2 protein chains.
Amino acid sequence: MALDRKDLAILAELTTNARASHTELANKVGLSSTALARRQKALEDDGYIQAYQAALDLAQFGLTTTVLVRIALESQSDEALKAFEAEVVKCPSVVRCFLMSGTDDYILIVLARDIQDFERIHRTELSRLPRVARVQSSFALREVVNRAVPTVVFGETRR
Amino acid sequence: MALDRKDLAILAELTTNARASHTELANKVGLSSTALARRQKALEDDGYIQAYQAALDLAQFGLTTTVLVRIALESQSDEALKAFEAEVVKCPSVVRCFLMSGTDDYILIVLARDIQDFERIHRTELSRLPRVARVQSSFALREVVNRAVPTVVFGETRR
DNA sequence: TCTCCTTGGGCACACCGACACGCATCCTGG
DNA sequence: CCAGGATGCGTGTCGGTGTGCCCAAGGAGA
């Protein structure tokens, strides 16, 4: 299935206003409400739209500190990876975890209230992860770009 | 303003089903639709809920490769930072960019179709960024955790 | 060239549900 | 005992959503 510009316009709008009604979207895209409803349903059924979710302001919850954590394991054996991953998914402050190529085995993104809070997270969550050989933390001083979807998606021109 | 468990339950549910109706949410949380409507509006007005957005399946768009890019600048002067940041926000394949403490100046998260596509991005987007001294790329082999909101948010117990 | 068929769009309508309001109740704290 | 805040119920109105039908455009085949 290929997407045309109107599909991309629908997706671009829904990534901003997920609760927009059919008529509302139809006006912005330049379609009738029924044609738009068909397209939107197709985008959902074909899996382009995974879900509709509320975006929370994490700063409002006091989570203003982002930390990148590099973790190297004692060994890269399959058993060690499985043991580590089974535990890291339980860490409540971890929002992302990548298994990486290169020297570092894993990279985590951790959200904390402040530096003191990260010390607590380091002690209660990270240091309890199994098979860890080395942990290296870097603090994010500022977030320059934060997009859910790369703009390249909406720039494609098919059809 | 403090949030109680019901507020957190509302937020937890809305981060999954942003289009849920008042009655639907009310049943899950254990409130009447009118009490829920008041709370939801308060959460929006107080800024806890920033927006409602559709989550796209980026793999459906062919973006299956995540790359972490470490960038060091020639100098950390304010002018160099500003020049770099003004350009990096224009890169269509960059989804996140942090100004970091420590040795690396910036860390980017880039989404690409595959390794060949990242070569193109490296050539057309990254290598054109100003004041760059060193670029180091690491490929994510797998995404172990990917959460929009840390689970710690919903575990708080106030009131 | 003509015709058939498919695909996508628009119009109209009817139904169902959501949303907002008013009011009574309850609980808690002063 | 009272006052304020929060809840729940009921109701009415409004809007969205889904359906059926028709139309236009384009492609395939005879």
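Side chains are part of it too, since the values below use all heavy atoms of this structure and drop only hydrogens, waters and symmetry mates. On a predicted model such as this, the values are computed, not experimentally measured, just so you know.
- Under the ring pair (Phe, Tyr, Trp, His ring centres under 6.0 Å) criterion, A:Tyr52 pairs with no residue, sequence neighbours left out.
- In this model, the phosphate group of C:dA18 is not approached by any side-chain N or O of B:His22 to a distance below 4.0 Å at OP1 or OP2.
- Applying the side-chain hydrogen bond (donor to acceptor under 3.5 Å, both in side chains) test to pairs two or more places apart or on separate chains, none has a residue in residues 29-38 of chain B.
- For B:Thr124, the side-chain contact (heavy atoms from CB on, under 4.5 Å) partners at least two apart in sequence or on another chain are B:Arg120.
- If you take CG of B:Asp7 and P of D:dA6, they are 10 Å apart, rounded to a whole angstrom.
- The side-chain contact (heavy atoms from CB on, under 4.5 Å) test applied to B:Glu87 returns B:Lys90, B:Leu129, B:Pro130, not counting sequence neighbours.
- For B:Phe118, the ring pair (Phe, Tyr, Trp, His ring centres under 6.0 Å) partners at least two apart in sequence or on another chain are B:Phe139.
- Partners of A:Glu85 under the side chain to side chain donor-acceptor pair (under 3.5 Å) rule, at least two apart in sequence or in another chain, are A:Tyr106, B:Arg142.
- Summary of helix geometry: the two end axes of the helix from C:dT1-D:dA30 to C:dG30-D:dC1, each defined by five base pairs via their C1' atoms, are inclined to each other by 30° (rounded to 10°).
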Using atom names, set out every protein N or O paired with an N or O of nucleotides 26-30 of chain C below 3.5 Å, distance rounded to 0.1 Å.
none

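- Judged as a side chain to side chain donor-acceptor pair (under 3.5 Å), and not counting sequence neighbours, A:Gln53 has no contacts.
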Output one line per pair: protein atom, nucleotide atom from nucleotides 7-9 of chain D, and distance, for all N/O pairs under 3.5 Å.
{"residue": "D:dT7", "atom": "OP1", "partner": "B:Arg39", "partner atom": "NE", "Å": "2.9"}
{"residue": "D:dT7", "atom": "OP1", "partner": "B:Arg39", "partner atom": "NH2", "Å": "2.6"}
{"residue": "D:dG8", "atom": "OP2", "partner": "B:Ser32", "partner atom": "N", "Å": "2.8"}
{"residue": "D:dG8", "atom": "OP2", "partner": "B:Ser32", "partner atom": "OG", "Å": "3.2"}

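- Taking atom CD on B:Glu24 and atom P on C:dA18, their separation rounds to 8 Å, with Å as the unit.
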When the side chains of residues 59-70 of chain B are checked against the rest of the protein, which donor-acceptor pairs come out under 3.5 Å, sequence neighbours left out?
{"residue": "B:Gln60", "atom": "NE2", "partner": "A:Asp46", "partner atom": "O", "Å": "2.6"}
{"residue": "B:Thr64", "atom": "OG1", "partner": "B:Arg113", "partner atom": "O", "Å": "3.1"}
{"residue": "B:Thr65", "atom": "OG1", "partner": "B:Arg113", "partner atom": "O", "Å": "3.4"}

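- Shown here are the ring pair (Phe, Tyr, Trp, His ring centres under 6.0 Å) partners of B:Phe98, two or more places apart in sequence or in another chain: there are none.
- Following rounding to the nearest Å, B:Gln40 (CD) and C:dC19 (C1') show an atom-to-atom distance of 11 Å.
- Salt-bridge check for A:Asp105 with A:Arg134: failed, with every basic side-chain N at 4.0 Å or more from each acidic carboxylate O.
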